[in-house]
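Convention: sequence-line order gives letters A, B, ...; per-chain numbering from 1.
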There are 2 protein chains.
Amino acid sequence: MQEVLKALAHPMRRDILAMLRTAPRNASEIADKFDVTKPTVSGHLNILKDADLISQVRSGTTLTYHIRLSVLEEALGGLMGMFDIGNDKDLKEK
Amino acid sequence: MQEVLKALAHPMRRDILAMLRTAPRNASEIADKFDVTKPTVSGHLNILKDADLISQVRSGTTLTYHIRLSVLEEALGGLMGMFDIGNDKDLKEK
DNA sequence: TTAATAGTTAGTCATTTGCCTAATTAGGTA
DNA sequence: TACCTAATTAGGCAAATGACTAACTATTAA
């Protein structure tokens, strides 16, 4: 969870995840969407990968990135649980 | 949302929020729970306050901190929405 | 094997973070 | 007033972050 929250703390990384939510993309496609250099994007991708929020698949010279939605869901779920938020389970207070 | 996610990225700040979730506390009570100095805790409280995740009420010399759960809920809700997560609304895909 | 392309890693630098100690502010009380 | 306690702000420092340019690795194609 710590890794995931750190990863989510940067807006560009959230935007990368959001664009991968639609479809997988390779590094160049991702980099084109942002006004920074490729190495910078590569760094952000590494952080997302360390948090296990994305996976990569090589095909020739290109690396395609996929979002790992379940990891995101688990982290957010854990956070909600930590604060007892989102329990639609109609108020089953003790 | 940016401020909230930055605030949530530090474990001590999440723990502070979790303890305020149970009941309001003053700065000393909070500081006692952690193995750091008061100024350090005060710094974390400032960051939580900047994110609007807590509010403070003075009573004499003591400041009592309250969690602002709605802010947390909104931020997490926004995040879920950003990734289309947690829509229990039985799959109403377009 | 030489070259071209996709992408990463290495190295540098400025800024931010997180912690500490010391000093200061705010309020209550003798 | 003077003093005590609660808590903050100020200042300093090491480590982490986020960006860049330059150099390197990996794969395909001529």
Side-chain angles (χ1 to χ4, degrees), chain A residues 1-20 22-68 72 75 79, chain B residues 1-20 22-68 72 75 79:
Chain A
M1 178 158 100
Q2 176 58 27
E3 301 279 322
V4 172
L5 285 174
K6 279 240 178 179
L8 291 177
H10 194 290
M12 185 179 301
R13 292 194 291 262
R14 290 195 299 275
D15 288 342
I16 289 173
L17 287 179
M19 84 181 275
L20 293 180
T22 306
R25 311 269 185 178
N26 61 51
S28 295
E29 288 171 332
I30 296 170
D32 286 348
K33 303 282 183 181
F34 301 97
D35 200 22
V36 293
T37 61
K38 273 181 167 209
T40 295
V41 172
S42 188
H44 285 304
L45 289 172
N46 267 328
I47 290 170
L48 289 168
K49 207 167 29 158
D50 288 347
D52 212 31
L53 282 165
I54 59 175
S55 58
Q56 60 184 186
V57 176
R58 179 177 287 278
S59 172
T61 59
T62 78
L63 283 171
T64 301
Y65 288 92
H66 302 253
I67 192 172
R68 310 248 294 102
L72 187 55
L79 206 52
Chain B
M1 179 157 100
Q2 176 58 25
E3 302 277 324
V4 171
L5 285 175
K6 279 237 178 182
L8 291 177
H10 195 290
M12 186 179 301
R13 292 195 289 263
R14 290 195 298 275
D15 288 343
I16 290 173
L17 286 178
M19 84 181 277
L20 293 181
T22 306
R25 312 269 185 177
N26 62 51
S28 293
E29 289 172 332
I30 296 170
D32 286 348
K33 303 282 184 182
F34 300 97
D35 200 22
V36 293
T37 61
K38 272 183 166 206
T40 296
V41 172
S42 188
H44 285 304
L45 289 172
N46 267 329
I47 290 170
L48 289 169
K49 207 167 30 158
D50 288 348
D52 212 31
L53 282 166
I54 60 175
S55 59
Q56 60 183 187
V57 176
R58 179 176 288 278
S59 172
T61 59
T62 78
L63 282 172
T64 301
Y65 288 91
H66 302 252
I67 193 172
R68 311 247 293 101
L72 186 55
L79 206 52

>> Please classify the nucleic acid contact of A:Thr62 as base, sugar-phosphate, or nothing, using heavy-atom distances under 4.0 Å.
In response: sugar-phosphate

> At what distance, to the nearest 0.5 angstrom, does CG of A:Leu48 lie from CG of A:Leu20?
Replying inline: 8.0 Å

> Which value, rounded to the nearest 0.5 Å, describes the distance between B:Lys33 atom NZ and B:Met19 atom CE?
Replying inline: 5.0 Å

> Which nucleotide in the list D:dT8, D:dG18, C:dT8 gets nearest to the side chain of B:Ala27?
Replying inline: D:dT8

>> Check this one for me: any side-chain N or O of A:Lys6 less than 4.0 Å away from OP1 or OP2 of D:dT17?
In response: yes

> A:Val36 has a side chain; which of D:dA26, C:dG18, D:dC20 sits nearest to it?
Replying inline: D:dC20

>> Let me spell it out: for each of B:Gly60 and B:Thr37, pick the nucleotide of DNA chain C with the closest heavy atom. Which residue's pick is nearer the 5' end?
In response: B:Thr37

> Between atom CG in A:Leu63 and atom P in C:dT9, what is the gap in whole Å?
Replying inline: 10 Å

> Are B:Thr61 and C:dG28 close enough that a side-chain N or O sits under 4.0 Å from OP1 or OP2?
Replying inline: no

>> Check the phosphate of C:dC19 against B:His44, side-chain N and O only, distance under 4.0 Å to OP1 or OP2. Yes or no?
In response: yes

> Starting at the 5' end of DNA chain D and moving along, which residue's nearest nucleotide shows up first, A:Met12 or B:Lys49?
Replying inline: B:Lys49

> For the pair made of CD in A:Gln56 and C1' in D:dA26, what is the distance, rounded to whole Å?
Replying inline: 13 Å

> Counting just side-chain N and O atoms, does A:Tyr65 come under 4.0 Å of either OP1 or OP2 of C:dT8?
Replying inline: yes

> What is the distance from CG of A:Leu5 to P of D:dT17, rounded to the nearest Å?
Replying inline: 14 Å

> Are OP1 or OP2 of C:dG18 and a side-chain N or O of B:Thr40 less than 4.0 angstrom apart?
Replying inline: no

>> When you measure from the side-chain N and O atoms of B:Arg13 to the phosphate of C:dG18, is any distance below 4.0 Å, counting only OP1 and OP2?
In response: yes

> Do B:Thr37 and B:Thr40 have side-chain atoms, one donor and one acceptor, less than 3.5 Å apart?
Replying inline: yes

>> Let me confirm one number: the CG-CZ distance from A:Leu53 to A:Arg68, rounded to the nearest 0.5 Å.
In response: 9.0 Å

> Rounded to whole angstroms, how far apart are CG on B:Asp35 and C1' on C:dG18?
Replying inline: 15 Å

> Once you round it to whole Å, what is the distance between P of D:dT28 and CZ of A:Arg58?
Replying inline: 9 Å

> Where each residue is assigned the nucleotide of DNA chain D containing its nearest heavy atom, which of B:Leu45 and A:Ala9 is assigned the position nearer the 5′ end?
Replying inline: B:Leu45

>> With rounding to the nearest 0.5 angstrom, report the NE2 to CZ distance, B:His44 to B:Arg13.
In response: 6.0 Å

> When the distance from NZ of A:Lys38 to P of C:dA10 is rounded to whole Å, what number comes out?
Replying inline: 18 Å

> Between A:Leu79 and B:Arg14, is any pair of side-chain heavy atoms under 4.5 Å apart?
Replying inline: yes

> Separation of B:Leu48 atom CG from D:dT8 atom P, in whole Å?
Replying inline: 12 Å

> Within the structure, does a side-chain N or O atom of A:His10 lie under 4.0 Å from either OP1 or OP2 of D:dA19?
Replying inline: yes

>> Tell me the interatomic distance from A:Gln2, atom CD, to D:dA16, atom C1', rounded to whole angstroms.
In response: 13 Å

